[in-house]
Amino acid sequence: MTDNALGRVYTVHPNNREAFHMRLLLHHVREPISFEDLKIVIVRDEDGDILEIKPCSTYTEGCQVLELLEEDSQYQAMEEAAVSQSPAQLRNIFAILVAARRNNPTENIEYCDALFNNTLLILEDKILSITGKKLALYGLPEPVHDQPELTSKDVLRETSYDVQALRAYMADNVPRLTPDKQQAFIAITGMIGIGDLSAGQFANKLLQIGDGKVPEDPLTGLIIMPCGQIVNSPDKLLSKVYPNIQQNFKDQDWLSHRAILASRNDVVEWLKVTIQKQLQGQEYSYKSIDCILNDDAVQYPIEFLNFIQTPDLQAHNLILKVGAPIMLIRNIDAPRLCNGTR
């Protein structure tokens, strides 16, 4: 080991705030020459040029400047939305923020009891549809309910209907449709039952390959799919699937017809980084937040937890560019922001 290498950093309990944050800075500040130097935060742009040199009085302040700590800046979205969004949209945004974070701000607002309770009912209904949990679990007052069973209005709406009445309505009104509308109605309802035929055929083909039922080419040992082309390199694959991506990446219809499937996470990560580097604009880094649930925090170093990456766990440091498509891995605001949508 060389003299300037850091061999071991002992774990520190988060309750010891300054020591814990000093340890955190040691893993994010490059080449510090002293402990006081750790408190001098250098903010750089995407090219590595220095934008600001900010001396901090504590290690905690240094972590805050580098955005390494959990804080309430996400609530600034409410101020931006208040300029142009409707009250219903503002409530939806607030409910999403509350459901996503535990440390909610408190403000002194004058209101009447009926208006306050009605607002809480609307917020709780929205949070129920997102997380299935009560409003009180997020540090907000629990509203007075007009019904004993706590169920989302969306669930009640989707489960409270008369099947026979709907069938009678269709029998009476479908024959009254114009020929074009009848053709569209038959096509749409037919797809509900059978789904996308091409996607189904492709899925069955993948199952056959997994079961070893598709023969290999005797010369190359490869399995030839009855569609598409064979390329000799990953770069060639990217150019075939995403030609002229610098001009087309903002076209949602163009993107919706393209995808690359990979069997390993490291390949997916490489493809993502390579494609994103071709997009114009500045890269923005979004780091995950670690929350302490019990006293086992010192047993698992934070850098080790941030290194773990499983199929159902996003990377600790998510680097994005404006306009780059992302895929959600959990429901945020159904039916628009759902798991699997992009």
Side-chain angles (χ1 to χ4, degrees), residues 5-6 9 24-31 43-48 63 66-70 74 100 199 202-203 205-207 209-210 222-223 225 227-291 300-332 337-342:
L6 191 62
V9 182
L24 190 60
L25 287 173
L26 285 172
H27 287 88
H28 289 85
V29 177
R30 301 184 62 180
E31 300 180 354
V43 182
R44 302 178 183 271
D45 61 11
E46 59 177 336
D47 299 322
C63 291
L66 291 177
E67 299 180 349
L68 300 176
L69 304 181
E70 187 177 19
Q74 73 275 6
F202 183 73
K205 195 68 175 180
L206 292 179
L207 291 175
I209 293 175
L222 301 176
I223 296 176
M225 297 291 289
C227 62
Q229 305 176 20
I230 297 178
V231 294
N232 298 323
S233 67
D235 293 331
K236 192 70 173 178
L237 175 65
L238 293 178
S239 64
K240 287 288 186 180
V241 179
Y242 297 103
N244 300 321
I245 191 171
Q246 296 87 350
Q247 291 77 31
N248 297 322
F249 76 97
K250 292 185 178 180
D251 187 345
Q252 296 184 6
D253 183 68
W254 184 83
L255 284 175
S256 64
H257 291 82
R258 289 163 170 79
I260 298 178
L261 300 179
S263 57
R264 294 186 353 201
N265 289 340
D266 58 342
V267 178
V268 174
E269 183 67 18
W270 181 87
L271 289 171
K272 185 197 73 173
V273 172
T274 304
I275 294 174
Q276 188 163 261
K277 284 183 178 179
Q278 301 179 30
L279 306 183
Q280 299 178 357
Q282 178 181 351
E283 289 185 339
Y284 295 90
S285 176
Y286 300 91
K287 294 182 173 64
S288 62
I289 295 295
D290 301 292
C291 299
Y300 306 98
I302 187 172
E303 61 274 10
F304 169 73
L305 297 177
N306 294 338
F307 180 77
I308 298 175
Q309 188 170 354
T310 60
D312 57 344
L313 184 65
Q314 184 54 261
H316 162 64
N317 188 16
L318 184 62
I319 300 176
L320 298 174
K321 288 185 178 180
V322 175
I326 60 176
M327 179 175 289
L328 299 180
I329 58 175
R330 71 174 181 131
N331 295 336
I332 297 180
L337 303 177
C338 297
N339 179 22
T341 58
R342 60 178 179 175

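Keep in mind that this is a model prediction, so the values were computed, not measured.
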Problem set entry | Contacts of type side-chain hydrogen bond (donor to acceptor under 3.5 Å, both in side chains), residue N244, not counting sequence neighbours | none
Applying side chain to side chain contact (heavy atoms under 4.5 Å, CB included), name anything that partners [X], two or more places apart in sequence or on another chain.
| X | answer |
| --- | --- |
| L237 | V231, V241, I260 |
| S239 | K236 |
| P243 | W254, R258 |
| N232 | none |

Any side-chain heavy atom of [X] within less than 4.5 Å of one from [Y]?
| X | Y | value |
| --- | --- | --- |
| L66 | L24 | no |
| Y284 | V322 | yes |
| I275 | Y242 | yes |
| Q282 | K321 | no |
| L318 | K287 | no |

For this session: Looking only at non-hydrogen atoms, find the nearest pair between Q276 and L320 and report the distance.
Result: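 Nearest heavy atoms, Q276 then L320: OE1-CA, 3.5 Å.
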Exercise. Going by the salt bridge (Lys or Arg N to Asp or Glu O under 4.0 Å) test, which pairs reach into residues 266-282, not counting sequence neighbours?
Worked result: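 Every pair satisfying salt bridge (Lys or Arg N to Asp or Glu O under 4.0 Å) with a residue in residues 266-282: R264-D266, E269-K272.
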For this session: Flag yes if more than 12 heavy atoms outside Q246 fall under 6.0 Å of its CD atom; otherwise flag no.
Result: yes
For this session: Evaluate whether atom CD of Q247 has more than 12 neighbouring non-hydrogen atoms of other residues, nucleotides or ligands under 6.0 angstrom away.
Result: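 Counting neighbours around CD of Q247, more than 12 heavy atoms of other residues, nucleotides or ligands fall under 6.0 Å, so yes.
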Problem set entry | From CD1 (I319) to OG (S285), nearest 0.5 Å | 5.5 Å
For this session: Look up atom CD1 in I245 and atom CG in N248, then write down how far apart they are to the nearest 0.5 Å.
Result: 8.0 Å
